[in-house]
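Just below is one structure, and these are the notes that go with it.
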Number of protein chains: 2
Amino acid sequence: MKTLIREKRTELNITQEELSKRLKVSRQTIISLEKGKYKPSLVLAHKLAQTFGCTIEELFIFEGDENIE
Amino acid sequence: MKTLIREKRTELNITQEELSKRLKVSRQTIISLEKGKYKPSLVLAHKLAQTFGCTIEELFIFEGDENIE
DNA sequence: CCTTAATGTCAAGTAGGCTTTACAAATGTT
DNA sequence: AACATTTGTAAAGCCTACTTGACATTAAGG
């Protein structure tokens, strides 16, 4: 799975810390998500998409066995 | 968070077991999701939406603090 | 340089998503 | 009533999302 979190965040011109405050998660969580260390929960993915004004499917790109075969 | 998994599944006329096989998860997982016992991972939410031919946001209804304030 | 802001790493702990197995309740069909 | 199908419950275990805190690196500006 790929994510466009970093791209969308820099488009908005906000820091990781600012984003983490808006979402009420730790800054570490933002770092890990942008770096692809793990995948967000459904609720957090929804909040991210809301923040960026896009859908979850636009923010995350699912690949291979993450899709129905 | 509310989900329309059960409604969408019955529309498709398939059993929990059939759905669990398509998604390659346990039947127990389907039961728990339909009953609202817990929330699916992002990948599973995506597969469910794909199966039902809708978006994640159409399949799950986020409420209150699950939205940005 | 020196400082500050922004980003990053590491590690330990908590909570919850998902699995497996086994068994019970409900619904339908003959 | 009897049987099969579908749905449900319970419990133990694994893995990972997320947290907190402390410290390292990079980049920018005075």
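Numbers restart at 1 for each chain; the letters A, B, ... are given by sequence-line order, proteins then strands.
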Quick one: [X] [atom1] to [N] [atom2], roughly how many Å, whole number?
| X | N | atom1 | atom2 | value |
| --- | --- | --- | --- | --- |
| B:E17 | C:dT21 | CD | C1' | 14 Å |
| A:K21 | D:dT20 | NZ | C1' | 16 Å |
| A:L23 | D:dC18 | CG | C1' | 13 Å |
| B:R9 | D:dG8 | CZ | C1' | 12 Å |
| A:K47 | D:dA17 | NZ | P | 17 Å |
| B:I31 | C:dA26 | CD1 | P | 15 Å |
| B:I30 | C:dC18 | CD1 | C1' | 11 Å |
| B:K37 | D:dA11 | NZ | C1' | 11 Å |

Next on the checklist: What's the separation between atom CG in B:L23 and atom CD in B:E18, rounded to the nearest 0.5 Å?
Outcome noted: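 Here the rounded value is 9.5 Å.
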
Checklist entry - Is a side-chain N or O of A:K47 found less than 3.5 angstrom from the main chain of B:D65, in a donor-acceptor match? => result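 Looks like yes, one N/O pair under 3.5 Å.
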
Checklist entry - Which atom pair, heavy atoms only, marks the closest approach of A:R22 to A:I14? => result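 Shortest heavy-atom contact: NH2-CG2, 3.5 Å.
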
Checklist entry - At their closest point, which heavy atom of B:F62 faces which heavy atom of A:V43, and how far apart are they? => result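 For B:F62 versus A:V43, the nearest heavy atoms are CE2-CA, 4.2 Å.
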
Next on the checklist: I'd like to know if A:Q28 reaches the base of C:dT9 with its side chain, counting only an N/O donor and acceptor under 3.5 Å.
Outcome noted: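 Looking at the base of C:dT9, it does pair with a donor or acceptor on the side chain of A:Q28 (distance under 3.5 Å).
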
Next on the checklist: Quiz question: going by heavy-atom distance under 3.5 Å, is there a donor-acceptor pair between the base of D:dG21 and the side chain of A:R27?
Outcome noted: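 Looking at the base of D:dG21, it does not pair with any donor or acceptor on the side chain of A:R27 (distance under 3.5 Å).
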
Item to check | B:Q16 and its side-chain contact (heavy atoms from CB on, under 4.5 Å) partner, picked from B:K21, B:R27, B:Q28 | outcome: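 With B:Q16 as partner, side-chain contact (heavy atoms from CB on, under 4.5 Å) holds for just one option, B:R27.
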
Strictly below 4.0 Å: does [X] bring a side-chain N or O up to OP1 or OP2 of [N]?
| X | N | answer |
| --- | --- | --- |
| A:K39 | D:dT16 | no |
| B:Q16 | D:dT5 | no |
| B:R6 | D:dG8 | yes |

Checklist entry - Of the nucleotides D:dT9, C:dG8, D:dT16, which has the atom closest to the B:K35 side chain? => result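 Per side-chain heavy atoms of B:K35, the pick is D:dT9.
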
Next on the checklist: Taking the minimum atom-to-atom distance to the side chain of B:E34, which one of D:dT20, D:dG8, C:dT20 wins?
Outcome noted: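 It is D:dG8.
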
Checklist entry - With a non-hydrogen cut-off below 4.0 angstrom, is A:T15 in contact with a base, only sugar-phosphate, or nothing? => result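 Here A:T15 touches the backbone only, sparing every base.
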
Checklist entry - Which part of the nucleic acid, if any, lies within contact of A:S41, taking any heavy atom under 4.0 Å across all strands shown: a base, the sugar-phosphate backbone alone, or nothing? => result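 It contacts sugar-phosphate atoms only.
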
